[in-house]
Protein chains: 2
Amino acid sequence: MDVENILRQSNLKITPQRKTILKVIAESDIILDSQEIYQESARLLPSINPSTVYRNLDILLQSGLICKINTQENSAKYRIREQGSHHHHIICKKCGTSIPLDFCPMEELDNKLEKIGFTPTEHRFEIFGYCQKCSK
Amino acid sequence: MDVENILRQSNLKITPQRKTILKVIAESDIILDSQEIYQESARLLPSINPSTVYRNLDILLQSGLICKINTQENSAKYRIREQGSHHHHIICKKCGTSIPLDFCPMEELDNKLEKIGFTPTEHRFEIFGYCQKCSK
DNA sequence: TCCTAATTGCAATATATTTGCATTTGCATT
DNA sequence: AATGCAAATGCAAATATATTGCAATTAGGA
Ligand SMILES: [Mn+2]
Ligand SMILES: [Mn+2]
Ligand SMILES: [Zn+2]
Ligand SMILES: [Zn+2]
């Protein structure tokens, strides 16, 4: 689906700025920080302002369209959140409910692993416990 | 072991500032951010300067005495790195080498899980791949 | 087309962290 | 114990990152 319809589906107003920002994030094959998102957006839409980028990152996050990754570096990174993409689960030991997570620990480790020369191929991450209903 | 000997073991000069900073991190039962580490250090050693805290956090990190955690919030958090404490592994599929990690993804998720009312009891995190030797 | 709330740009502000530099200090060596 | 010197510190200034108030603009439904 194209950026415009994705925004419509989330009941977000369609503005050139918002479309550009989401497009930049969606079409990047690497995770980007706010600076990079601003810079690339400004290349496509020179009049765009950093505040607009920050504000839209918040809105897109809240709408669940993007994910925020906290890396080793000092600025947060963002990536598109595609349904059906790689993800992990929280699993309730009582009722079996499986809640998908929008967080993958690998994203924070890629730098570190590269430094020690380790080439990851698979990983496993699962959280077990009790969901809200079953903890009561 | 006491803070002074830990520093000596890592060939770090022993200064009142460094001792205080490490003590604050070591004796806290929660992970602290740089501000909190500065504030608590300043309570014990009023003359200490924020720059000194930042510089020492870097040095202690490099020496492997503390771990840096990247949380959802805007500032990094730190905790002591105790040998034998909870940790995860990187595992080489060829030679079987198991490398311990000083990173636990749970630390970044505790806030998020609490918000959705999930009470975690166990978790699993493992990375598989090829170590430096075996990738060649 | 009109209306209104949402969005934007801009400048000011806030917060977190880094850096240059002069001074002080830990500690190895005499 | 005195000396020498690299390492560490304090301080102020600089950077980097993110937020906010406000007036002007704009999207999109009525
Ligand atoms: Mn799933
Ligand atoms: Mn182990
Ligand atoms: Zn994953
Ligand atoms: Zn863990």
Side-chain angles (χ1 to χ4, degrees), chain A residues 2-25 31-63 65-66 68-78, chain B residues 2-25 31-63 65-66 68-78:
Chain A
D2 69 329
V3 162
E4 207 156 313
N5 280 317
I6 292 173
L7 290 175
R8 224 185 306 276
Q9 253 194 340
S10 293
N11 294 315
L12 294 176
K13 279 197 179 177
I14 295 164
T15 69
Q17 293 87 343
R18 185 166 291 164
K19 277 200 293 183
T20 304
I21 292 164
L22 185 55
K23 191 170 184 293
V24 164
I25 298 171
I31 56 178
L32 303 171
D33 64 25
S34 44
Q35 307 299 307
E36 294 167 324
I37 293 167
Y38 166 65
Q39 282 156 23
E40 180 62 7
S41 299
R43 210 178 56 77
L44 303 174
L45 187 70
S47 67
I48 202 170
N49 188 276
S51 307
T52 302
V53 173
Y54 283 114
R55 283 190 279 232
N56 271 294
L57 289 175
D58 281 348
I59 290 168
L60 295 173
L61 259 180
Q62 280 198 301
S63 306
L65 294 178
I66 62 174
K68 183 179 184 176
I69 319 286
N70 300 283
T71 67
Q72 312 289 101
E73 290 120 74
N74 38 14
S75 60
K77 302 215 168 191
Y78 299 85
Chain B
D2 69 328
V3 163
E4 208 156 314
N5 281 318
I6 291 172
L7 290 174
R8 223 186 304 277
Q9 255 193 339
S10 293
N11 293 316
L12 295 177
K13 281 196 177 176
I14 295 164
T15 69
Q17 294 87 344
R18 185 166 290 163
K19 278 199 293 183
T20 303
I21 292 164
L22 185 56
K23 192 170 183 295
V24 164
I25 298 171
I31 56 177
L32 303 172
D33 65 25
S34 44
Q35 307 299 307
E36 295 167 323
I37 293 166
Y38 166 65
Q39 281 157 22
E40 180 62 10
S41 299
R43 210 178 57 76
L44 303 174
L45 187 69
S47 67
I48 203 171
N49 189 276
S51 307
T52 303
V53 173
Y54 283 113
R55 282 190 278 232
N56 272 293
L57 288 175
D58 281 348
I59 290 168
L60 295 173
L61 258 180
Q62 280 198 301
S63 306
L65 295 177
I66 62 173
K68 182 179 184 177
I69 320 285
N70 301 283
T71 68
Q72 313 287 100
E73 290 121 73
N74 39 11
S75 59
K77 303 215 167 191
Y78 300 84

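Worth knowing before you read on, the calculation uses all heavy atoms, side chains too, and leaves out hydrogens, waters and symmetry mates.
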Margin query: At less than 4.0 Å, is any side-chain N or O atom of T15(B) found next to OP1 or OP2 of dT25(C)? Yes or no.
Written below: no
Notebook entry, point to check: Are any of S34(A)'s side-chain N or O atoms less than 4.0 Å away from OP1 or OP2 of dT17(D)?
Noted result: no
Notebook entry, point to check: When the distance from CD of Q62(B) to C1' of dA8(D) is rounded to whole Å, what number comes out?
Noted result: 15 Å
Item checked: Strand DNA chain C as a dot-bracket string - pairs counted if Watson-Crick or G-U with both distances under 3.5 Å, | where the partner lies in another strand -> ||||||||||||||||||||||||||||||
Checklist line | Below 4.0 Å: OP1/OP2 of dT7(C) and any side-chain N or O of N49(A) | finding: no
Check: Over how many whole Å does the gap from L57(A) atom CG to dA18(D) atom P extend?
Finding: 9 Å
Item checked: Value in whole Å for how far the P atom of dT4(C) lies from NZ of K13(A) -> 13 Å
Check: When you check the phosphate oxygens OP1 and OP2 of dT19(C), does a side-chain N or O of S51(B) lie under 4.0 Å from one of them?
Finding: no
Next item on the list: Rounded off to whole Å, could you give me the CG-to-C1' distance for the L22(B) and dA8(D) pair?
Entry: 16 Å
Note to self: So does I48(A) get a backbone contact from the side chain of T52(A), meaning a donor-acceptor N/O pair under 3.5 Å?
What the structure shows: no
Note to self: What is the separation between atom CG on N56(B) and atom P on dT9(D), rounded to the nearest whole Å?
What the structure shows: 5 Å
Next item on the list: Name the closest nucleotide to the S75(A) side chain, picking from dA18(D), dG10(D), dT19(D).
Entry: dA18(D)
Notebook entry, point to check: Has the side chain of R18(A) got a donor or acceptor atom that lies under 3.5 Å from a matching backbone atom of N56(A)?
Noted result: no
Next item on the list: Could you tell me the separation between the CD1 atom of I37(A) and the P atom of dT17(D), rounded to a whole number of Å?
Entry: 13 Å
Check: Given atom CD1 of I21(B) and atom C1' of dA8(D), what is their separation to the nearest angstrom?
Finding: 11 Å
Note to self: Could you check whether the side chain of R8(A) and the base of dG28(D) have a donor-acceptor pair of N or O atoms closer than 3.5 Å, going by distance alone?
What the structure shows: no
Notebook entry, point to check: Roughly how far, to the nearest 0.5 Å, is CG of N49(A) from CZ of R55(A)?
Noted result: 7.5 Å
Check: Think Q17(B) has a side-chain N or O under 4.0 angstrom from the OP1 or OP2 of dT25(C)?
Finding: no
Next item on the list: Considering just the side-chain nitrogens and oxygens of N11(A), establish if one lies under 4.0 Å of OP1 or OP2 belonging to dG28(D).
Entry: no
Note to self: Check this one for me: any side-chain N or O of Y54(A) less than 4.0 Å away from OP1 or OP2 of dT19(D)?
What the structure shows: no
Notebook entry, point to check: Is there a donor and acceptor pair, one atom on the side chain of R18(B) and one on the base of dG26(C), closer than 3.5 Å?
Noted result: no
Check: Counting only N and O atoms by type, is there a donor-acceptor contact under 3.5 Å from the side chain of E40(A) to the main-chain atoms of I37(A)?
Finding: no
Next item on the list: Kindly indicate whether the side chain of L65(B), heavy atoms from C-beta on, has any atom under 4.5 Å from the side chain of I25(B).
Entry: no
Note to self: Using whole Å, what does the distance between atom P of nucleotide dA18(D) and atom CG of L61(A) come to?
What the structure shows: 12 Å
Notebook entry, point to check: Above 12 or not: heavy atoms from other molecules or residues under 6.0 Å from NZ of K23(B)?
Noted result: no
